[in-house]
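So you know, we letter chains A, B, ... as the sequences are listed, proteins then strands, and number each from 1.
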Amino acid sequence: MSLRIYNTLTGEKEIFEPIVPGKVGIYLCGPTVYKPAHLGHAVGPIIFDAIKRYLTFKGYRVTWVVNVTDVEDKLMAEAARLGTSVPKLARELEQKYVESMHALGVRTIDHMPRASEHIPEIITQIQQLIAKGHAYAVEGDVYFDVTRDSDYGKLSNRKPEEQFAGTREGLVQGNKRNPGDFAVWKAAKPEEPDDVKYDSPWGKGRPGWHIECSAMSMKLLGETFDIHGGGLDLKFPHHENEIGQAECATGKPFCKIWMHHGLTRFNTKKISKSDPEFEKVMSSLQLSNLLKAHPPELLRFLIVQSHYRSPIDFSDDALQAAKTGISTFYRLFERLERTTGADPYTATDGVEKLSDQPTNPAIAAVRDSILNSRLRFLEAMDDDFNTAGAIGVLFDIAGQINKFLDAARLETKPDEPARITAQAAGASLITLGRLLGLFLEKQAKPALADDGRTGKLVELLIDVRKMARTAKQFAISDHIRDNLGTIGIVLEDSQDGTRWRVE
RNA sequence: GGCCGCGUGCCCGAGUGGACUAAGGGAGCGGAUUGCAAAUCCGUAAUUCGUCGGUUCGAAUCCGACCGCGGCCUCCA
């Protein structure tokens with residue numbers, strides 16, 4: 001089965017064939033670092049991290065680039081408002097962004113180029129555009145001429161001449177030849193700070209919003225590369241303009257596949273900067289706040305649980321449901337460690353490594369069933385990175401392992417072949433999950449904050465409760481369990497004794 | 001006004017012409033297990049995929065109309 005990817009450019013799922021066999025170049029539009037990142041900013045990185053993991057698993061050598069736009073009008077305004085400088089603000093927010101991404105398991109980015117460090121490349125590209133008649137300079141500004149680009153609009157299916165008649169408010173014409181033209185270079189104004197004024201053939205100024213992506217992607221990935229991604233809201237104008245600039249400058253196709261992910265919604269609405277509720281909603285959706293309130297893996301799970309092209313409705317209910325769901329895996333991993341004596345997070349050999357030698361039917365059944373699920377997982381991923389379908393398979397596997405463990409009773413009945421099977425099954429599950437960036441490392445279990453004595457006290461209570469149960473003094477035993485429950489200590493009785501955990 | 005997308009059980013969410021007698025999760029209910037719970041396992045819900053038509057031997061899947069929701073049209077991940 002071959003990998004198919006939905007390409008916005010053609011509107012179809014296409015069989016993926018890299019430009020250079022065995023190698024894949026990916027560019028994802030990263031943040032403009034002028035405000036703290038919110039949940040929506042994590043969607044692209046999370047799904048592309050999973051995409052890179054999967055492509056790497058399939059044997060491709062992948063180079064993944066995420067830009068940082070650190071010279072831009074909004075940044076200047078925000079820096080002025082905060083009484084700080086643009087570079088200082090940009091570095092601060094970039095640092096926070098990188099930390100958040102790392103916490104979320106996004107660890108496969110190869111390059112994070114900054115716009116401010118690619119001014120020469122940007123200027124070169126603008127010069128190419130001017131030389132070929134695709135851009136023109138007016139009073140220190142340089143504009144891209146959309147009328148000189150015959151297939152401008154092919155990504156978003158727009159024709160510039162038809163575009164502006166019914167638009168909400170007429171476009172500002174200014175010095176532009178056509179209303180649809182856009183700036184590739186902006187002249188500096190005298191009152192602007194010196195650290196955002198760059199020398200250029202057109203005087204001091206700074207790049208327009210789209211040009212940094214064309215310049216940096218081509219520098220790192222070549223003039224034509226495989227995959228360009230970003231949020232659906234960037235399709236027009238940002239990506240359309242990138243294509244225009246890049247292809248007019250080089251005369252070559254810019255990017256083969258365009259992938260756009262869905263937007264995060266809150267109260268069934270997109271988180272939009274023009275929303276009057278924006279600021280209020282923002283603080284609750286700010287990544288740094290969310291990451292303080294919830295395990296990062298939960299947020300990742302929530303995002304990867306729906307298909308990347310669908311919008312994600314974020315709510316406390318959704319978060320709670322995801323939390324309950326993912327705990328199925330955590331419980332299973334604990335159970336595996338308990339019953340096999342091996343930490344599934346460090347295991348490597350999955351069930352596919354178990355021999356086909358005739359063995360007992362239960363072992364053969366769980367092995368075959370997991371092997372089959374593994375295939376379904378890969379099929380889902382091959383179908384336009386259907387992470388939602390893939391997670392469904394993960395739940396199936398967890399059920400299969402639990403069932404096997406229920407039957408094998410390893411807690412009370414040592415059985416080496418069954419133990420090895422359980423261990424391998426767990427490794428298979430974790431390995432597949434890691435293709436989605438899940439189960440990267442063991443979750444810190446909620447624990448009692450103390451010097452160890454409280455734990456001993458809990459053990460003592462469990463011991464007393466056991467005496468009560470033996471004597472059928474259930475009022476006493478239930479009193480102990482119920483009241484420990486109210487302070488977040490959950491008791492679970494089983495054949496091999498009573499376990500407790502903190503919630 | 002133009003362009004694009006979506007509408008699947010109580011909720012979320014896969015599936016996009018025949019292997020669908022429509023994954024999976026959450027909630028609910030029933031059962032196994034348990035002294036009772038918890039955890040785990042098993043079972044249970046859409047004769048139906050917004051509505052109405054059409055194409056087809058066959059449609060949740062393709063086409064058309066309509067209804068509803070959302071996105072973009074130079075702030076956006």
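For the pair Arg309(A)/Tyr6(A), a side-chain contact is recorded, criterion being any heavy-atom separation below 4.5 Å from C-beta on. Contact check for Leu155(A) versus Lys235(A): side-chain heavy atoms found under the 4.5 Å cut-off. For the pair Asp73(A) and Arg206(A), the minimum side-chain heavy-atom distance is below 4.5 Å.
With a cut-off of 3.5 Å on both pairing distances, the Watson-Crick or G-U wobble partner of rC69(B) is rG5(B). Of all nucleotides present, only rG26(B) satisfies the Watson-Crick or G-U wobble test against rC10(B), with each distance under 3.5 Å.
Look at NE2 on His41(A): it is 15 Å from P on rC75(B), rounded to the nearest Å. Distance CG (Leu232(A)) to C1' (rC73(B)): 13 Å, rounded to an integer number of Å. Taking atom NE2 of His238(A) as the reference point, atom C1' of rC73(B) lies 17 Å away to the nearest angstrom. Across the protein-nucleic acid pair, Glu72(A) atom CD and rU74(B) atom C1' stand 12 Å apart, rounded to whole Å.
Using a distance-only test at 3.5 Å, with no hydrogens or angles considered, no donor-acceptor pair links the side chain of Asn372(A) to the main chain of Asp368(A). Looking at Lys52(A), its side chain does come within 3.5 Å of a backbone N or O of Thr108(A) through a donor-acceptor pair. Side chain of His41(A) to main chain of His38(A): a donor-acceptor pair is present (N/O by atom type, distance under 3.5 Å, no hydrogens or angles).
Looking at heavy-atom distances under 4.0 Å, Gly485(A) makes no contact with the nucleic acid at all. At a threshold of 4.0 angstrom between heavy atoms, the contacts of Ser477(A) include nucleobase atoms, whether or not backbone atoms are also involved. When heavy atoms are screened at a 4.0 angstrom cut-off, Gly230(A) is found touching the sugar-phosphate backbone but no base atom. Using a 4.0 Å heavy-atom criterion, one finds that Arg465(A) contacts the bases of the nucleic acid, with or without backbone contacts as well. Using a 4.0 Å heavy-atom criterion, one finds that His261(A) contacts the bases of the nucleic acid, with or without backbone contacts as well. Base engagement by Leu491(A) is indicated by at least one non-hydrogen atom pair under 4.0 Å involving a base atom. Contact annotation for Arg409(A): no contact, since no heavy-atom pair falls under 4.0 Å across all strands. At the heavy-atom level, Gly11(A) lies nowhere under 4.0 Å from the strands shown.
Rounded to whole Å, the separation between the C1' atoms of rC62(B) and rC57(B) comes to 16 Å. One P atom belongs to rG7(B), the other to rC75(B), and the distance between them is 30 Å to the nearest Å. Rounded to whole Å, the separation between the P atoms of rU61(B) and rA19(B) comes to 14 Å.
Between Ile312(A) and Leu234(A), the residue whose closest nucleotide on RNA chain B is further toward the 5' end is Ile312(A). Of the two residues contacting RNA chain B, namely Asn241(A) and Gly262(A), the nearest-nucleotide position lying further toward the 5' end is that of Asn241(A).
Closest to the side chain of Glu492(A), from the set rA39(B), rU16(B), rG35(B), is rA39(B). Between rG13(B), rU74(B), rC41(B), one nucleotide has an atom nearer to the side chain of Lys403(A) than all others, and that is rC41(B). Proximity note for Lys74(A) (side chain, C-beta onward) versus rA38(B), rC75(B), rU16(B): the nearest is rC75(B). The nucleotide whose nearest atom lies closest to any side-chain atom of Arg501(A) is, among rA39(B), rA14(B), rU74(B), rA39(B). Comparing rC72(B), rA14(B), rG35(B) by their closest approach to the side chain of Arg481(A) singles out rG35(B).
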Reading nucleotides 5-10 of chain B 5' to 3', which nucleotides get B (base under 4.0 Å from a protein heavy atom), which S (sugar-phosphate only), which -?
------
Contact pattern, 5' to 3', of nucleotides 23-34 of chain B - B, S or - by protein heavy atom under 4.0 Å:
BSSSS-------
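In terms of phosphate contacts, Asn157(A) brings a side-chain nitrogen or oxygen within less than 4.0 Å of OP1 or OP2 of rC4(B).
Geometrically, Arg265(A) does not engage Phe314(A) in a cation-pi contact, judged by NZ or CZ lying under 6.0 Å from the ring centre and within 45° of the ring axis.
The base of rG35(B) sits with one of its N or O atoms less than 3.5 Å from a complementary donor or acceptor on the side chain of Asp478(A). No donor-acceptor contact under 3.5 Å links the side chain of Arg331(A) to the base of rA39(B).
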Under 3.5 Å, side-chain donor or acceptor atoms of residues 386-407 of chain A against the rest of the protein: list the pairs with distances, not counting sequence neighbours.
{"from": "Asn386(A)", "atom 1": "OD1", "to": "Ala388(A)", "atom 2": "N", "distance (Å)": "3.4"}
{"from": "Asn386(A)", "atom 1": "OD1", "to": "Gly389(A)", "atom 2": "N", "distance (Å)": "2.9"}
{"from": "Thr387(A)", "atom 1": "OG1", "to": "Val304(A)", "atom 2": "O", "distance (Å)": "2.8"}
{"from": "Thr387(A)", "atom 1": "OG1", "to": "Ser306(A)", "atom 2": "O", "distance (Å)": "3.4"}
{"from": "Asp396(A)", "atom 1": "OD2", "to": "Arg376(A)", "atom 2": "NH2", "distance (Å)": "2.9"}
{"from": "Gln400(A)", "atom 1": "OE1", "to": "Ser369(A)", "atom 2": "OG", "distance (Å)": "2.8"}
{"from": "Gln400(A)", "atom 1": "NE2", "to": "Ser369(A)", "atom 2": "OG", "distance (Å)": "3.1"}
{"from": "Gln400(A)", "atom 1": "NE2", "to": "Ser373(A)", "atom 2": "OG", "distance (Å)": "3.1"}
{"from": "Asn402(A)", "atom 1": "OD1", "to": "Arg335(A)", "atom 2": "NH1", "distance (Å)": "2.7"}
{"from": "Asp406(A)", "atom 1": "OD1", "to": "Arg335(A)", "atom 2": "NH1", "distance (Å)": "3.2"}
{"from": "Asp406(A)", "atom 1": "OD1", "to": "Arg335(A)", "atom 2": "NH2", "distance (Å)": "2.6"}

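The aromatic rings of His260(A) and Trp258(A) sit parallel to each other, their planes meeting at less than 30°, with 60° as the upper class boundary.
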